[in-house]
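Written below as structure tokens is the structure these notes are about.
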Amino acid sequence: MTVSAQAGPRAGALAVSGRPGRGRARLAAGVTRWAFIAPAVLFVALFFGYPVAKNIVMSFQDYSTRTFFTGEAPWVGLANYAQTFSSSLFVTTVTNTALFTVGSIVMQFIIGLGLALFFRRNFPLSGFLRGLLLLPWLLPLIASSAVWKWLLDQDSGALNQFLGLFGIPSVPWLVSPGLALIAVIGVNIWLGIPFNTTILYSGLQSVPPELYEAASLDGATGVKAFRYVTWPSIRSVVSVVIVLGIVYTLKVVDIILGLTGGGPANSTQTLATNAYHQSFVNFEFGIGAAVSNVLIVVSFVFAVIYISISRKAADE
């Protein structure tokens, strides 16, 4: 009785004295976590958060070159958005953006998947050829567009000279309103193939060989093996590749500007190039901000889809 009576108060005192220690440990751990997170938060706030917030504010102002001299940017409310949506060019840019994005993503994925399946086999120089495949991805985009502009030139382009060997007349790839968008999509497909091939190839490498062995015992080889083994195994990778490709393609500017400048007759003008022209050609920064905000919203939707797909893949 005496021992337990003495032990009870002593244990309670130890517990009470231990609580502040545990509290200080948790506080120190929290401070440490925030010390590591703070630089990233500060970086995102300065270089991503502030520009987006500034762009949103500008879209509600009459922000032009006069603002740089007077410092005044009158508040115009939704006038910039109204002018953007009522413009006949808006429908053209939305249509071109959709065609450019869908055409690029579909062909990039099909060709990239085919090459990933091809390089999955071990053969001489496979590593060297995979390295060469990355060259379009590594070259500066403005340099790639300059080379392709020379290749597709109507008068002295290498492609038309090659077609001339077979008696085919020169094709106005970049100066015809009916062909310019197709040519630009083709160049963007060439640029996006390495990304699709690399990611899909990595996904294929993660498929266990045992699955193919088990499937072959059931007679699932060739196309059937792809349908019942390969495709279900890389479905999450495919979703991520497509969503990331869409987000990237929506904001393509340099390739289009380098090849056609948005012409001829606005046939290659997209939301991204329209925002550039409004801001840095017409110097209507408020309207340019409104157009770019539309693009930001669309990209944000696909970014949310990408995050949900990534979390689902992680859970699986």
- [ ] State, to 0.1 Å, how close A183 and W173 come at their nearest heavy-atom pair, and which atoms those are.
- [x] CB-O, 3.8 Å
TODO: Please indicate whether R227 has more than 12 foreign heavy atoms, meaning atoms of other residues, nucleotides or ligands, lying under 6.0 Å from its CZ.
DONE: no
Open item on the list: Please give the remaining members of the hydrophobic cluster of L42, linking ILVMFWY side chains under 4.5 Å, ordered by chain and number.
Closed with: F43, V44, L46, F47, F48
- [ ] Mark yes or no for whether Q108, through its side chain, and N188, through its backbone, hold a donor-acceptor pair below 3.5 Å.
- [x] yes
Open item on the list: Under a plain distance cut-off of 3.5 Å, with no hydrogens placed, do N55 and N293 share a side-chain donor-acceptor pair?
Closed with: yes
Task: Shared hydrophobic cluster for M58 and I56 (ILVMFWY, side-chain gaps under 4.5 Å) - done: no
Open item on the list: Would you call the rings of Y276 and F280 parallel, tilted or perpendicular, taking 30° and 60° as the class edges?
Closed with: tilted
Task: Note, L200 side chain near F109 side chain (heavy atom, < 4.5 Å) - done: yes
Task: Residues T260, T268; criterion side chain to side chain donor-acceptor pair (under 3.5 Å); working and verdict - done: CA-CA 7 Å; T260 63; T268 58; 2.6 Å; yes
Task: Counterpart residues, side chain to side chain donor-acceptor pair (under 3.5 Å), relative to Q269 (two or more places apart) - done: N266, T273, H277
- [ ] Please examine the side chains of V207 and R120, heavy atoms only from C-beta on, and report whether any two atoms are closer than 4.5 Å.
- [x] yes
Task: Backbone N/O of P264 and side chain of S267: donor-acceptor pair under 3.5 Å - done: yes
Task: Straight-line distance of F119 CZ to L133 CG, nearest 0.5 Å - done: 5.5 Å
- [ ] Over all heavy atoms of both residues, which pair between I105 and T249 is shortest? Give the atoms and the distance, please.
- [x] CD1-OG1, 3.5 Å
Open item on the list: Please verify the inter-ring angle class for F90 with F85; under 30° counts as parallel, over 60° as perpendicular, anything in between as tilted.
Closed with: perpendicular
Task: Heavy-atom pair of closest approach, residues S145 and D254 - done: OG-O, 4.3 Å
- [ ] May I ask you to decide if the ring planes of F226 and W231 are parallel, tilted or perpendicular, using 30° and 60° as cut-offs?
- [x] tilted
- [ ] For the residue pair I234 and L113, establish whether any side-chain heavy-atom pair is separated by less than 4.5 Å.
- [x] yes
Task: For G258 against I142, the heavy-atom pair lying closest together - done: CA-CD1, 4.5 Å
TODO: For Y212 and V229, work out which heavy atoms get closest and say how close.
DONE: CE2-CG1, 3.8 Å
